[in-house]
Amino acid sequence: MIFFIIAFYPEAKPLIEHFKLQKILSSKFEVFFNNQIFLILTREGIIRSSIGTTYLLTKFSAQEKDIAINLGICGAKNRRFQKGDIILCHKIINHYSKRAYYPDIIINHDMKEGILESFMTPVKKDMEEEIEGDIVDMEGAGFFESASFFLPPHNIHCIKIVYDFLDYEKVKKEEISNLIYNHIPKIERFIYSLSELNKFEKLPFEEENIKNILEKLKNSLNLTFSMTHELEKYLKGYIIRKGNIPKEIFDFLNIKVASKKERNEYFERIKKLLYP
């Protein structure tokens, strides 16, 4: 089952029409469905998104192999993005608690990636210095925290479409729907890839062995937490695609790096090995 958690109808309208979703009349929230998809409208806010996510995944008995996606527009601090870009978030930050969440992105995709930071109120240009992330919204962190009680991190994702650059322009409902409609093929491909991944009962390699390899890489190369987490995603993705661990990775287990530059060089070499 696919669960979409979305704040407002203009963001949901393209999916409702494309997947021919029908409205459930007897619900505390606006919920739409077909035989494979449930979609809920939560309205804006970290707390509302958290409550709506919990309601949907509880009400319709989410299982470990189901997929939950928070989809919607966002503001961008980082000018490397353009209006209309679709962003798959590899890190989500709650601005107030400073807690960070890390989806496991272990499949190929054709979206850009970035860091999402969630606020309780709309974010304006004069707040830029407070922002840690690349993009901002009002739902992602609440969604992810609640969804993580039900699903593993490779099945929980935030997908955002850039709408503005914190200049607080007036929101146009039709424009929002058009921006999201343009990216439905990418969203469908992503869902399909995740669904194929979930057909595996488990990784074709012992999870404990993966942890041991990562711990050895971390110690030998003096990797940071974020580097280790990134390598974990690449390594699991490689195993899913190939069915084994590349023997070349064992060459890196007994190296002792002398500098950050050397560490970064080895880190990039391993990434190219796992994700050429």
Side-chain angles (χ1 to χ4, degrees), residues 3-8 11 28-29 40-59 62 64 66-78 80-81 86-106 111-168 171 211 214 218 223-233:
F3 295 96
F4 281 104
I5 291 80
I6 297 176
F8 292 112
E11 298 169 311
K28 294 180 180 179
F29 292 86
I40 189 170
L41 301 181
T42 65
R43 300 189 64 82
E44 83 284 357
I46 293 173
I47 294 173
R48 283 176 172 169
S49 181
S50 176
I51 293 171
T53 301
T54 301
Y55 173 83
L56 189 70
L57 299 185
T58 301
K59 177 74 173 177
E64 190 175 74
D66 291 335
I67 297 162
I69 295 176
N70 171 229
L71 176 68
I73 61 170
C74 67
K77 173 186 176 181
N78 196 320
R80 69 186 173 92
F81 299 128
I86 184 169
I87 316 293
L88 180 63
C89 305
H90 62 258
K91 179 179 179 181
I92 298 102
I93 303 168
N94 183 316
H95 175 74
Y96 305 96
S97 68
K98 301 303 178 185
R99 186 171 180 181
Y101 307 92
Y102 298 89
D104 279 346
I105 304 173
I106 56 179
M111 294 175 273
K112 294 184 178 181
E113 291 192 20
I115 299 172
L116 173 67
E117 187 169 358
S118 296
F119 290 73
M120 292 185 181
T121 57
V123 181
K124 300 181 182 180
K125 197 83 171 173
D126 59 7
M127 298 170 63
E128 268 194 351
E129 292 185 3
E130 300 179 37
I131 302 171
E132 296 179 50
D134 303 313
I135 56 177
V136 298
D137 81 339
M138 295 174 62
E139 292 83 35
F143 152 78
F144 200 98
E145 182 169 5
S146 290
S148 64
F149 285 100
F150 299 86
L151 304 172
H154 71 272
N155 281 339
I156 310 170
H157 294 282
C158 292
I159 298 176
K160 299 293 172 177
I161 287 90
V162 175
Y163 187 77
D164 61 31
F165 295 90
L166 313 182
D167 38 23
Y168 214 59
V171 174
K211 290 180 180 178
L214 288 168
K218 177 185 174 183
L223 299 176
T224 65
F225 173 82
S226 60
M227 284 178 166
T228 306
H229 181 77
E230 189 172 356
L231 282 190
E232 180 180 8
K233 292 191 291 184

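When a residue number appears, it is its place in the shown sequence, counting from 1. Quick caveat, the model's predicted, so the values are computed rather than measured.
Put simply, CD1 on Ile93 and CZ on Arg99 are 13.5 Å apart, with the number rounded to the nearest 0.5 Å. In this structure, OG in Ser49 is found 9.0 Å from CD1 in Ile40, a value given to the nearest 0.5 Å. A distance of 5.0 Å separates CD1 in Ile156 from CG in Leu151, rounded to the nearest 0.5 Å. With values rounded to the nearest 0.5 angstrom, Asp134 atom CG is found 5.0 Å from Phe81 atom CZ. In this structure, CD1 in Ile87 is found 5.5 Å from CD1 in Ile135, a value given to the nearest 0.5 Å. Leu214 contributes atom CG, which lies 14.0 Å from atom CE of Met227 (distance to the nearest 0.5 angstrom).
Residues forming a side chain to side chain donor-acceptor pair (under 3.5 Å) with Tyr163 (at least two apart in sequence, or on another chain): Glu175. Evaluation of the side chain to side chain donor-acceptor pair (under 3.5 Å) rule for Ser226 yields Thr224 as partners, not counting sequence neighbours. Every residue was checked against the side chain to side chain donor-acceptor pair (under 3.5 Å) condition with Lys124, not counting sequence neighbours, and none meets it. With sequence neighbours excluded, the residues that form a ring-ring contact (aromatic ring centres under 6.0 Å, His included) with Tyr101 are Phe144. Listed by chain and residue number, His95 satisfy the ring-ring contact (aromatic ring centres under 6.0 Å, His included) test with Phe119 (two or more places apart in sequence, or in another chain).
For residues 146-157, the set of pairs meeting the salt bridge (charged side-chain N to carboxylate O under 4.0 Å, His left out) definition, not counting sequence neighbours, is empty.
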Inset, instruction - Assess whether salt bridge (Lys or Arg N to Asp or Glu O under 4.0 Å) is satisfied between Glu117 and Lys77, documenting all intermediate values. - result: CA-CA 10 Å; Glu117 187 169 358; Lys77 173 186 176 181; over 6 Å; no
Inset, instruction - Would you sort out whether Asp137 and Ser118 count as a side-chain contact (heavy atoms from CB on, under 4.5 Å), showing the intermediate values? - result: CA-CA 5 Å; Asp137 81 339; Ser118 296; 2.6 Å; yes
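In this structure the side chain of Thr42 never reaches within 4.5 angstrom of the side chain of Thr53, judged on heavy atoms. In this structure, the side chains of Glu132 and Lys98 come closer than 4.5 Å at one or more pairs of heavy atoms. Counting heavy atoms from C-beta on, the side chains of Pro103 and Ile92 come closer than 4.5 Å. Counting heavy atoms from C-beta on, the side chains of Cys74 and Val162 come closer than 4.5 Å. Ile105 places a side-chain heavy atom less than 4.5 Å from the side chain of His157. Considering only heavy atoms from C-beta on, Lys59 stays 4.5 Å or farther from Lys28 through its side chain. Taking the side chain as every heavy atom from C-beta outward, His229 and Asp104 approach each other to under 4.5 Å.
Within the 3.5 Å criterion, the main-chain N or O of Phe8 finds a donor-acceptor partner in the side chain of Glu11. The backbone N or O of Glu64 lies less than 3.5 Å from a partner atom in the side chain of Asn155, making a donor-acceptor pair. With hydrogens and angles disregarded, a donor-acceptor distance shorter than 3.5 Å links the side chain of Ser148 to the backbone of Glu145.
No more than 12 heavy atoms of other residues, nucleotides or ligands sit less than 6.0 Å from atom NZ of Lys218. Atom CZ of Phe149 is surrounded by 12 or fewer heavy atoms from other residues, nucleotides or ligands within 6.0 Å.
Residue Lys160 forms a side chain to side chain contact (heavy atoms under 4.5 Å, CB included) with just one option from Asn70, Ile86, Leu71, and that option is Asn70.
Outside the 6.0 Å centre-distance limit, the rings of Phe150 and Phe3 are not counted as a close aromatic pair.
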